[in-house]
Protein chains: 2
Amino acid sequence: MATSFHNPSCQHCKDRFSSIFCKAELCNLEQISEAKVCSVYKKGQVIFHEGAYPFGVYCINDGKIKLSHSGDDGREQIIRLVKAGDIMGYKALLSNERYTATATALEDSSICFVPKDLFLSVLQKDASLSFEMMRILSSELRKAELRITHLAQKPVRERLAETILFIRETYGLEADGQTLSVRLSREEIANLVGTATESAIRLLSEFRKDGMIELEGKKIRLLNLTEIIRTANLQD
Amino acid sequence: MATSFHNPSCQHCKDRFSSIFCKAELCNLEQISEAKVCSVYKKGQVIFHEGAYPFGVYCINDGKIKLSHSGDDGREQIIRLVKAGDIMGYKALLSNERYTATATALEDSSICFVPKDLFLSVLQKDASLSFEMMRILSSELRKAELRITHLAQKPVRERLAETILFIRETYGLEADGQTLSVRLSREEIANLVGTATESAIRLLSEFRKDGMIELEGKKIRLLNLTEIIRTANLQD
DNA sequence: ATTCTTCCTTGACGCATGTCATTGTACCCC
DNA sequence: GGGGTACAATGACATGCGTCAAGGAAGAAT
């Protein structure tokens, strides 16, 4: 169960309160900040479920979340990785449909909930927040379309290299400057790449043999970034 | 070359003027309607090019357009099919980046151009237009994410059936109630499915042998819709 | 420590699908 | 009509990648 607490004066929440709302006019920001409800979710806990109706948007104060579809045969496809400062659940809210994805915490995470009515009413009167929202949506759409092209045209090897770079961009590295600062299972990596778990494992082993990465349990250290970029074969 | 003519009183343009702008407040609609520039594009003509900077949004009065990425190896991936009443080019405009796709007319099309500054300024002051814009973006994003899952998990056969249904939903049927009312080359169909041209051809032949469709040049007649739906194997 | 469970790893195998090559067909231009 | 270009169709072939199966490693629970 999530420990739920309403805490407008929580400095930690205030500091990291999702960056999008900084675009809102000050009075609106105050209003949202007061109405929001912060909770802590444990690793593996589900924040919302595919098929459920949305009652608001979620803002990540701290932590890491995966958004995933469960395909027809039950296989999971990871759609997006969410980090501190991001919001999630807005798509379903705006198109007034049920969630098409499930949000699961990849590690203990602190998350704020902003009720639907408030969010929508602020959106109505705050043009700059609306604009920021459109900017986010456009950017997500652009990424999704690029991903469609790559899924259709690139071999798994290139997509895996690309995925490693994507994880690095999203969650960054640990203090050593090499280790990806998130622990994903091989299955999750495969579900991000869009391939079978065994294929992901095999290719990771190849990458290791080629000196591109080092593997230690779920730790992945990037040894030769240039080579990874070359393998990803990115042009655009 | 496009025959370019500014024509606020053109009844044809007025009638079909893109549905999104109906959501705008009346004064704004008038303003946009006056500033817009209508052009006619011939089949095969490019409306805008991947990599170019956007100067406005395009609204389709009449016709059919494909939006496509050209992948790294030059292979084309069709991202979206655009029909009368739709708008295009908004994504690049809103995220303030270059076009990530090329728009090409699939048949002679009548298209209005709304200048960037006007569009953005109206968006700033017209909450209900902004909201409609967000609704469209959310809906496109939802579709794109579903497509990612299917590309990653479904075999080509299912995806082809799905694509046929998608074309039907988008452009509808001819008067006979069976023939898809757009003519796409086999290569374009393949680029929509995300497969090789030969694979698309082979599977279309199979569908014909199975009595699901009838082929006559670029005409595709849907004989057994139920069976096509079953083949697409859609759950969500 | 021991069991249990979950995850990782590797091998073997087969099929779906991409690539290459050839022929056939329709349409267009002069 | 002839020749050209673009597209469609089919066969042969290679292989990338998914599936199945079995063994090993690591962590959790008792």
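Letters A, B, ... are given to chains in the order of the sequence lines, protein chains preceding strands, and every chain is numbered from 1.
The CZ-C1' distance, from A:Arg183 to D:dA26, rounds to 15 Å in whole Å. The distance from atom CD of B:Glu216 to atom P of C:dC27 is 10 Å, rounded to the nearest whole Å. What separates NZ of B:Lys219 from P of C:dA26 is a distance of 14 Å, to the nearest Å. C:dG18 atom C1' lies 12 Å from atom CG of B:Asp73, rounded to whole Å. Between the CG atom of A:Leu160 and the P atom of D:dG18 there is a distance of 12 Å, given to the nearest Å. If you take CD1 of A:Ile201 and C1' of D:dG23, they are 13 Å apart, rounded to a whole angstrom. The distance between atom CG of B:Asn191 and atom C1' of D:dA8, rounded to the nearest whole Å, is 15 Å. Residue B:Arg208 contributes atom CZ, which lies 6 Å from atom P of D:dT10 at whole-angstrom precision.
In terms of modelled atom types and a separation under 3.5 Å, the side chain of B:Asp176 and the main chain of B:Gln178 share a donor-acceptor contact. The backbone N or O of B:Ala84 lies less than 3.5 Å from no partner atom in the side chain of B:Lys64, so there is not a single donor-acceptor pair.
When only modelled atom types and interatomic distance are considered, B:Ser110 and B:Asn61 share a side-chain donor-acceptor pair under 3.5 Å. Using modelled atom types, one finds a donor on one side chain and an acceptor on the other under 3.5 Å when comparing B:Asn191 with B:Glu76.
For B:Pro155, whose side chain is taken as the heavy atoms from C-beta onward, the closest listed nucleotide among C:dT19, D:dT19, C:dT17 is C:dT17.
The phosphate of D:dC7 has neither OP1 nor OP2 within less than 4.0 Å of any side-chain N or O from B:Ser185. In this structure, A:Thr195 does not reach the D:dC17 phosphate: none of its side-chain N or O atoms is under 4.0 Å from OP1 or OP2. A close approach under 4.0 Å does occur between a side-chain nitrogen or oxygen of B:Arg186 and OP1 or OP2 of D:dA9.
B:Ile111 approaches B:Ile65 most closely through the heavy-atom pair CD1-CD1, 3.7 Å.
On a pure distance criterion of 3.5 Å, a polar donor-acceptor pair joins the side chain of B:Glu198 and the base of C:dC20. Contact annotation: side chain of A:Arg202 to base of D:dT19, donor-acceptor pair present below 3.5 Å.
In terms of position on DNA chain C, the residue among B:Gly194 and A:Lys218 whose nearest nucleotide sits closer to the 5' end is A:Lys218. Annotation: of the two residues near DNA chain D, B:Ser205 and A:Arg159, the 5′-most nearest-nucleotide partner is B:Ser205.
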